[in-house]
Amino acid sequence: MGSLVEVTLFEVEEGMFSKSWVPQPDKPLIRDLTTGVLYGEDEHFAEISSYRSGEVRDDLPMEVRRDLREYARHRGKVRACRVVWIGSGDTRYPQTSLVIEDA
């Protein structure tokens, strides 16, 4: 606890004929400014055209894509963290929750 983090939110272009930029608040990129660790979605690191559930992506780059469209950025200190496994069988996935206090 106590790490300084930066939370970046992005937006994506959606729509077939009438396109618009839509925020994705449920897909934050979190950079731990104390350790340098990045927490994010696979699409933050590589353009994803197709995905198979349960596929391990060992080919993802270590750097965040430069073409992402940012719409918000926040900094704060981690006050609490929980990592829990959700689901069962082949549909288990980790869920991380952070409580962040403004720095």
Distance in Å, [X] [atom1] paired with [Y] [atom2], rounded so as to fall on 0.5 Å steps:
X	Y	atom1	atom2	result
Arg79	Ser3	CZ	OG	10.0 Å
Leu68	Leu29	CG	CG	8.5 Å
Ile86	Arg92	CD1	CZ	9.0 Å

### Task
Determine which pairs satisfy salt bridge (Lys or Arg N to Asp or Glu O under 4.0 Å) with at least one residue from residues 4-15, sequence neighbours left out, and list them in order.
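Listed once each, the pairs are Glu6-Arg73, Glu6-Arg75, Glu11-Arg69.
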### Query
Do the side chains of Leu38 and Phe10 join up, straight or via other hydrophobic residues, at under 4.5 Å, putting them in one cluster?
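The answer is yes; both residues are in one hydrophobic cluster.
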Name every donor-acceptor pair, under 3.5 Å, that has one atom in a side chain of residues 18-26 and the other anywhere in the protein, sequence neighbours excluded.
none

### Closest non-hydrogen atom pair, Trp85 against Tyr93
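Trp85 and Tyr93 have their closest heavy atoms at CE3-C, 3.4 Å.
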#### Entry: Nearest non-hydrogen partners of Ala46 and Leu60, listed with the distance
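Closest heavy-atom pair between Ala46 and Leu60: CB-CD2, 3.7 Å.
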#### Entry: Any residue meeting side chain to side chain donor-acceptor pair (under 3.5 Å) with Lys27, in chain and number order, not counting sequence neighbours
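Residues passing side chain to side chain donor-acceptor pair (under 3.5 Å) with Lys27: Glu43.
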### Message
The criterion is side chain to side chain donor-acceptor pair (under 3.5 Å); which residues satisfy it with Thr96, sequence neighbours excluded?
### Response
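Thr96 satisfies side chain to side chain donor-acceptor pair (under 3.5 Å) with no other residue.
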#### Entry: Test ring pair (Phe, Tyr, Trp, His ring centres under 6.0 Å) applied to Phe45 - qualifying residues, sequence neighbours left out
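Not a single residue meets the ring pair (Phe, Tyr, Trp, His ring centres under 6.0 Å) criterion with Phe45.
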### Query
Ile100: which other cluster members, linking ILVMFWY side chains closer than 4.5 Å, directly or transitively?
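Its cluster partners, ordered by chain and number, are Met1, Val5, Val7, Leu9, Ile30, Val37, Tyr39, Tyr71, Val78, Leu98.
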